[in-house]
There are 2 protein chains.
Amino acid sequence: MTDTEPKWRRRKEARPQEIAEAALAVFAERGFAAAKLEEIAKRAGVSKAALYLYFDTKEALFAEVVRTAVAPGVARVRGMIEASELPFDQFLQLFAGALTANALTGPAGGIAKMVIGESRNFPQLARLWVDEIVGPMLSALTGVVAKAQAKGEVRSGDPRVYAVQIVAPFLVSVLWRETFVPVGEEPFDLQALAAQHLATLRGGLMERAS
Amino acid sequence: MTDTEPKWRRRKEARPQEIAEAALAVFAERGFAAAKLEEIAKRAGVSKAALYLYFDTKEALFAEVVRTAVAPGVARVRGMIEASELPFDQFLQLFAGALTANALTGPAGGIAKMVIGESRNFPQLARLWVDEIVGPMLSALTGVVAKAQAKGEVRSGDPRVYAVQIVAPFLVSVLWRETFVPVGEEPFDLQALAAQHLATLRGGLMERAS
DNA sequence: AGCACTAATGACTCGCAAGTCAGTTAGGCG
DNA sequence: CGCCTAACTGACTTGCGAGTCATTAGTGCT
């Protein structure tokens with residue numbers, strides 16, 4: 001009876017991080033509306049009321065999650081894209097590798113699914129997601145394509161559409177994984193898909209080697 | 001005061017159809033969880049309690065919606081796919097035309113978004129959607145690709161992956177429309193995207209013309 | 001040790017939406 | 001014309017989850 005453990009400890013510094021991590025997991029699993037603050041609190045080892053010491057509302061908590069958990073990885077990939085001076089087909093390979101290794105394996109998939117599903121009911125979520133994640137990525141990629149067109153490496157055409165063509169199969173297979181694999185469908189092998197997709201893009205996007 | 005209109009009419013025959021149509025609209029707008037039966041009832045010109053004369057639960061109502069509103073259009077496209085004996089690139093053109101004209105303009109986009117977003121919380125929805133819509137479409141398309149490979153029209157590779165590559169940009173641009181256009185982003189022009197994507201596929205999927 | 005400060009709690013309120021039920025009314029039938 | 005029935009309603013119950021607040025208990029300081 002003596003030497004009992006304390007019910008809780010003061011951890012002002014560490015709390016926000018811990019809470020954000022727990023929230024990330026629950027948001028990705030349940031979606032925004034269905035995520036219970038009670039459950040987030042429990043996983044963070046804290047009471048629900050404690051969440052409100054650090055975050056004003058559920059939406060503020062989500063914003064924090066995006067900023068601390070998703071944005072850094074995305075910024076890294078984006079920096080890699082923009083710094084690249086490689087020939088276009090080598091760039092594509094690097095990009096596909098980065099996608100399969102980082103962006104799509106981590107939490108981004110679950111969050112992306114969530115944003116898609118609930119954008120109508122929570123437009124602020126969609127805005128935040130566009131501003132912080134999708135918009136920057138898309139315009140970086142569009143820029144690379146345009147540059148490659150200027151160098152004569154890529155056929156003429158709308159570079160924004162090319163960007164979508166490049167990314168879409170990855171995105172779809174991640175949504176597939178998040179949506180249909182849990183009910184028993186076969187997943188797609190991202191490695192194999194990447195290889196085949198790169199081959200297609202090489203034949204379909206690039207000018208014939210002279 | 002005399003000659004007052006009746007508060008309601010008995011319409012046993014017509015009701016289910018009317019309710020399903022109203023439900024389709026509300027589900028697509030709000031998502032499954034956030035769709036209020038009250039609102040569906042109101043749009044159908046009926047009280048909430050009346051819904052329960054025709055459907056046991058919210059989920060049963062959703063199942064009915066999929067069966068009556070979405071499945072027929074999908075079945076039509078699928079039939080078209082399977083009946084086709086055209087050369088592969090002409091088939092692609094026909095398929096892209098059918099997608100832009102029917103499948104993606106109708107309610108399927110909104111419902112697809114909904115299923116993606118809420119599959120974790122309502123796995124039965126995901127199952128139903130796979131069984132009735134996505135599964136048949138995907139395997140039909142995979143079949144066509146495999147047949148074209150056998151005829152030497154399409155390069156070797158996993159036909160299921162080719163199917164995803166074909167469909168993904170359309171799917172992504174529809175999700176874009178449903179998710180980000182309402183918060184102010186530019187939509188993609190499906191016609192233009194289809195044209196460019198077909199060109200890419202022609203260069204990337206098909207064997208060189210001999 | 002004792003005090004002051006604040007991180008943290010648990011039990012609350014409040015609002016909302018699915019599902020229920022006793023009663024009301026349209027309209028077909030004798 | 002009036003009556004019977006089942007299609008339909010409005011007011012209800014129930015459950016759940018976001019957000020609040022008075023109270024408790026770790027921690028740092030003297």
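None of these values were measured; they are calculated from a predicted model. Below, chains carry the letters A, B, ... as their sequence lines are ordered, and counting in each starts from 1.
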Interatomic distance where CG belongs to A/Leu51 and P belongs to D/dG17 [whole Å]: 15 Å
Side chain of A/Ala49 - closest among C/dA8, D/dT20, D/dG19: D/dT20
Nearest-nucleotide pick for A/Val46, side chain only, options being C/dA18, D/dT20, C/dT9: C/dT9
Value in whole Å for how far the P atom of D/dG17 lies from CD1 of A/Ile40: 12 Å
Touch class at under 4.0 angstrom, heavy-atom based, for B/Phe55 against every strand present: nothing
Rounded distance (Å) that lies between atom P of D/dG17 and atom CG of A/Leu61: 16 Å
Sugar-phosphate only, base, or nothing, as touched by A/Ala34 at under 4.0 Å among non-hydrogen atoms: nothing
Distance in angstrom units between A/Glu38 CD and C/dG10 C1', rounded: 10 Å
Nucleotide D/dA18, atom C1' - distance to CZ of A/Phe122 in whole Å: 11 Å
Nearest to side-chain heavy atoms of A/Tyr52, which nucleotide of C/dG10, D/dA18, C/dA17: D/dA18
A/Thr179 (side chain) donor-acceptor with B/Gly117 (main chain) under 3.5 angstrom: no
Value in whole Å for how far the C1' atom of C/dA7 lies from OH of A/Tyr54: 6 Å
Selected nucleotide, minimal atom distance to A/Leu37 side chain, candidates D/dG17, D/dG19, C/dA7: D/dG19
Heavy-atom closest pair, residues B/Ile40 and B/Ala22: O-CB, 3.7 Å
Shortest side-chain distance from B/Arg15, nucleotide among D/dA18, D/dC8, D/dT20: D/dC8
Nearest-angstrom distance from the residue atom NZ of B/Lys58 to C1' of C/dT20: 17 Å
Lys/Arg-Asp/Glu bridge criterion (N-O < 4.0 Å) met for B/Arg78, B/Glu82: yes
B/Thr57 side chain, from C-beta outward: closest of C/dG19, D/dA7, D/dA18: C/dG19
Listed nucleotide nearest any side-chain atom of B/Lys48, set C/dG19, C/dA7, D/dC21: C/dG19
Flag if over 12 foreign heavy atoms under 6.0 Å of CD, B/Gln93: no
Nucleotide nearest A/Lys36 when distance is taken to its side chain, options C/dG19, C/dT9, D/dG17: D/dG17
Those residues that, when tested against B/Arg43, pass salt bridge (Lys or Arg N to Asp or Glu O under 4.0 Å) (two or more places apart): B/Glu29, B/Glu39
Rounded interatomic separation in angstrom, taking CZ from B/Arg30 and C1' from C/dC16: 14 Å
